[in-house]
Amino acid sequence: MRVPDNKKFPLLLALIMVFAMCMTAAAKTQIIIEYPYPNLFDKVHPKLIDQFNKIEPDIEVKVRTKYQSYEDGTKKVLRAAMTNSLPDVSFQGISRVRVLVEKGIAQPIDRFINNEAGFSAAGFYDAMFQTCRFNNKVYGLPFAVSQPIAFYNMELARKAGYTEKNLPKTWADVYEFAHKVEGASNANGFFYYWGETGFWQLQALLFAEGGSFMDSGEKNVLLTSPKGKQAFARLREMVTKGNMRKDYDWSSAKMDFYSGKLGLLIASSSILNNAQDAIGDRFTIKTSFFPQLHKGSKLPVGGNAAVMLTKDPEKQKAVWKFLKFWCGIEGAKVVATNTGYMAPNKLAVAALRDQFEKNPNALTVYKHQPYMTGWYAFPGKNGLKITEVLYSGMEKIVTTNANVDATIEELNKRVQRLAN
């Protein structure tokens, strides 16, 4: 046997190592993911990728695109489907899963759930599957769940004569609170984030009073029903009775709240951690229930779900491991710790009890569980267009003096045409 030349041996060894590394890399299954709201989820996904790499070294997770909003994410996926360039997993707004199902883009995951021993014992809420269940099939796992809640600046509240025990419970209370805050300090009273993605806050107003957007057969739009009219009228009432500024947008209202110039902000629970970080010790935040909830009230579950898009059977096996980890106890703990989203996993909730003791504001969204219902999406191909129409109608009611009833009648006609 010929011994390699000593001068050539290091080079040969290096080539062998490079070849071995290439073979290892080639053996890895790569999963391409895309997710929304980097200002919130850049604190989450990189942490989970690092954890996942340690337990699944043969699966490589790569982030391709970050969506600026849920609507942006759905549009990007629809375009990618036309060019055959879909990611393997997309984190979609819960109300946007339906359109991907109806277009045959989202892939059902029931067979993986059914074949998974002890899946329920791993802490997954069956009720949470309902948010992504269509035609008796599950098309995604909830990843980050939110509810609309109230955020109070307790320094301004105390100046106006309030304590944590007598904060507003009804909308009339909210309007009174707003006027008292404005009278006691150089601050604005309150802001309702009516323009939040997917007409989510309009749904909150409608569902809290037991209303629906369409009849049970999803044939007729019900914006002009008594409950529908009440929801839109509430938006105008916020301006006329609650003195909510017409010119407020989300950016200015959020900055005013963070800087101590707004008494009450009603928005998604998901902003809690960002709000606390931005405010620091300037004043105390107190979270509380959405106004005027009663026994029959419901509130839409917000947030996003992990949706499998790849059709490759082998890739799907790797994606299922990804989904279980991201939406299981480890992923849920990272989400709940780094954002204001609720952990949609029972075991993660139990593991977070110490955090709730340190930060009781994080518990409010969990106390909302009895009121949780689905984030509604209109049927058919025009869901995104309907969202734009409803947003323009809400904007008209909040920012102008347009006749509310006439605006609702026109909205009902336009949405009816698009929903059929």
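We count residues from 1, following the sequence as given. Hydrogens, waters and symmetry mates are skipped; everything else that's a heavy atom, side chains included, is used.
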Under a 3.5 Å threshold, yes or no: a donor from one side chain and an acceptor from the other, between [X] and [Y]?
| X | Y | result |
| --- | --- | --- |
| Asn243 | Glu182 | yes |
| Thr163 | Asn166 | yes |
| Arg64 | Ser90 | no |
| Tyr258 | Asn153 | no |

Any side-chain heavy-atom pair of [X] and [Y] under 4.5 Å:
| X | Y | answer |
| --- | --- | --- |
| Glu71 | Arg96 | yes |
| Ser212 | Leu222 | yes |
| Tyr152 | Tyr162 | no |
| Gln355 | Leu352 | yes |
| Leu223 | Leu390 | yes |
| Val63 | Lys66 | yes |

Looking only at the aromatic ring of each residue, does the gap between the centers of Phe290 and His368 stay below 6.0 angstrom? no
With ring centroids as reference points, do Trp200 and Tyr193 lie under 6.0 angstrom apart? no
Please work out whether the ring planes of [X] and [Y] are parallel, tilted or perpendicular, with thresholds of 30° and 60°.
| X | Y | result |
| --- | --- | --- |
| Trp326 | Phe322 | parallel |
| Trp171 | Tyr192 | perpendicular |
| Phe191 | Tyr248 | perpendicular |
| Phe41 | Phe143 | tilted |

Counting only heavy atoms not in [X], do more than 12 sit closer than 6.0 Å to its [atom1] atom?
| X | atom1 | value |
| --- | --- | --- |
| Asn135 | CG | no |
| Asn186 | CG | no |
| Lys396 | NZ | no |
| Asn136 | CG | no |

Quick one: does any side-chain atom of Asn412 pair with a main-chain N or O of Ile408 as donor and acceptor, under 3.5 Å? no
Got a donor-acceptor contact below 3.5 angstrom from the Glu60 side chain to the Asp58 backbone? no
Separation of [Y] [atom2] from [X] [atom1] (nearest 0.5 Å):
| X | Y | atom1 | atom2 | answer |
| --- | --- | --- | --- | --- |
| Phe199 | Glu388 | CZ | CD | 12.0 Å |
| Met238 | Ile397 | CE | CD1 | 11.5 Å |
| Asp173 | Phe177 | CG | CZ | 11.0 Å |
| Glu209 | Lys227 | CD | NZ | 5.5 Å |

Could you give me the CA-CA distance, side-chain angles and deciding distance for Phe378 and Tyr376, then say whether ring-ring contact (aromatic ring centres under 6.0 Å, His included) is met? CA-CA 7 Å; Phe378 281 90; Tyr376 185 70; 5.1 Å; yes
Only counting residues at least two apart or in another chain, list the ones meeting salt bridge (Lys or Arg N to Asp or Glu O under 4.0 Å) with [X].
| X | value |
| --- | --- |
| Lys43 | Asp277 |
| Glu56 | Lys321 |
| Lys333 | Glu330 |
| Glu102 | Arg98 |

Once side-chain hydrogen bond (donor to acceptor under 3.5 Å, both in side chains) is applied, what residue pairs with a partner in residues 300-319 remain, sequence neighbours excluded? Tyr70-Asn304, Asp88-Lys315, Arg111-Gln316, Glu314-Lys317
Residues forming a side chain to side chain contact (heavy atoms under 4.5 Å, CB included) with Val365, sequence neighbours excluded: Gln147, Ser269, Met342
SB check Lys180 Glu176 (cutoff 4.0 Å): yes
Mind running side-chain contact (heavy atoms from CB on, under 4.5 Å) on Ile109 and Tyr139 for me, showing each step along the way? CA-CA 6 Å; Ile109 58 174; Tyr139 287 88; over 6 Å; no
